[in-house]
Amino acid sequence: MLVSAKEMLTKAKAGHYAVGQFNINNLEWTKSILLTAQELNSPVILGVSEGAGKYMTGFKTVAAMVDAMVDSLGITVPVALHLDHGSYEGAKACIEAGFSSIMFDGSHYPIDENIAKTKELVAICNEKGLSLEAEVGSIGGEEDGVVGAGECADPDECKAVADLGVTMLAAGIGNIHGKYPENWAGLSFETLDAIQAKTGDMPLVLHGGTGIPEDMIKKAISLGVAKINVNTECQLAFADATRKYIEAGKDLEGKGFDPRKLLAPGAEAIKATVKEKMELFGSVGKA
Ligand code: 13P
């Protein structure tokens with residue numbers, strides 16, 4: 001059964017660790033992440049962007065697949081199925097499709113409009129027992145065609161959105177999606193500290209988990225980050241392992257062209273990446 005992310009994140013914030021959100025693209029991704037979470041006895045959040053949802057033929061397909069897979073694999077750790085960077089319409093579609101957690105990203109709207117739309121979704125999610133993530137201050141970089149300039153959120157705006165009753169809050173602190181450029185200035189801990197001071201117990205979300213140095217991840221967790229999103233790193237690991245398999249000519253040996261064999265190294269590589277992140281975030285054994 002899929003669960004809301006509320007309980008796992010409240011525990012994470014209180015226990016000074018973070019739960020990973022790993023984005024899924026297909027069956028292999030989902031299976032690798034679920035099996036790793038179970039093996040490490042860690043709670044987990046499966047993220048689905050609107051683009052990935054479309055790729056998998058729609059949010060209903062995704063919800064049905066994940067729900068059935070949790071059951072068939074005998075997964076007992078808490079699993080939340082979460083819309084990543086949802087539009088207002090996307091959020092409603094995922095609520096309808098059976099997702100257990102929603103992110104409404106209204107960061108590109110003027111703050112009053114972000115607040116008005118977030119407020120409406122808080123009421124719907126509360127009624128249905130779903131968790132809701134809101135965003136203040138856009139995350140830089142590009143993700144599924146959504147480009148953010150990357151800015152530091154205003155702590156007062158964060159407080160205004162946190163006070164609406166959202167479950168968790170994503171705030172821009174200089175983080176970006178995808179690989180970090182050579183001249184990246186690093187995370188703004190000053191901003192994070194100020195946001196936590198205003199928002200108290202609210203679990204904070206760090207997007208763009210790929211490529212953030214370990215010491216910065218640990219410091220962010222110590223300053224109230226309780227959910228960390230990772231996407232690109234699993235994609236890179238999958239692509240790298242698949243390329244090696246093909247370059248070694250393995251697809252030409254015996255039945256090496258069988259998709260179940262061809263995709264196996266990539267699936268194993270995702271497991272290793274997820275394991276590494278869960279260990280770093282401190283969520284191992286916290287299910
Ligand atoms: P990365 O792709 O940089 O890991 O970011 C993932 C993310 O923040 C998803 O919302």
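None of these values were measured; they are calculated from a predicted model. First listed ligand is number 1; within each ligand, the first listed atom is number 1.
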- line: For residues 244-263, the side-chain hydrogen bond (donor to acceptor under 3.5 Å, both in side chains) pairs (sequence neighbours left out) are D240-K244
- prompt: More than 12 heavy atoms of other residues, nucleotides or ligands under 6.0 Å from CD of E7: is that the case?
  reply: no
statement: With sequence neighbours left out, the residues meeting side chain to side chain donor-acceptor pair (under 3.5 Å) with T57 are T61
message: Closer than 4.0 angstrom, basic N to acidic O: yes or no for E39 and K275?
response: no
- prompt: Would you call K219 and D215 a salt bridge, taking side-chain N to carboxylate O under 4.0 Å as the test?
  reply: no
task: Mark yes when over 12 heavy atoms from residues, nucleotides or ligands other than K277 sit less than 6.0 Å from its NZ; otherwise mark no.
output: yes
message: Can you confirm if the aromatic rings of W29 and F238 lie within a centre distance of less than 6.0 Å?
response: yes
task: Below 4.0 angstrom from a heavy atom of G178, which ligand 1 atoms are there? Numbered from 1 as shown, please.
output: 1 (P), 2 (O), 3 (O)
query: Taking heavy atoms and a distance under 4.0 Å, where does D84 meet ligand 1: side chain, backbone, both or neither?
result: side chain
message: Closer than 4.0 Å to some heavy atom of V230 - which atoms of ligand 1 meet that?
response: 4 (O)
statement: Going by the 4.0 angstrom heavy-atom rule, the piece of H85 near ligand 1 is side chain
message: For atom 1 (P) of ligand 1, tell me which residue out of V205, T210, D105, N23 has the closest non-hydrogen atom.
response: T210
message: Between ligand 1 and G47, can you find any atom pair, the residue atom being a heavy atom, that is separated by under 4.0 Å?
response: no
message: Does any N or O of ligand 1 fall below 3.5 Å from an N or O anywhere on T232, backbone included?
response: yes
task: Below 4.0 angstrom from a heavy atom of N231, which ligand 1 atoms are there? Numbered from 1 as shown, please.
output: 1 (P), 2 (O), 4 (O), 6 (C)
- prompt: For ligand 1, is there an N or O atom under 3.5 Å from any N or O atom of E233?
  reply: no
Atoms of ligand 1, numbered as shown, that sit under 4.0 Å from any heavy atom of H207: 8 (O), 10 (O)
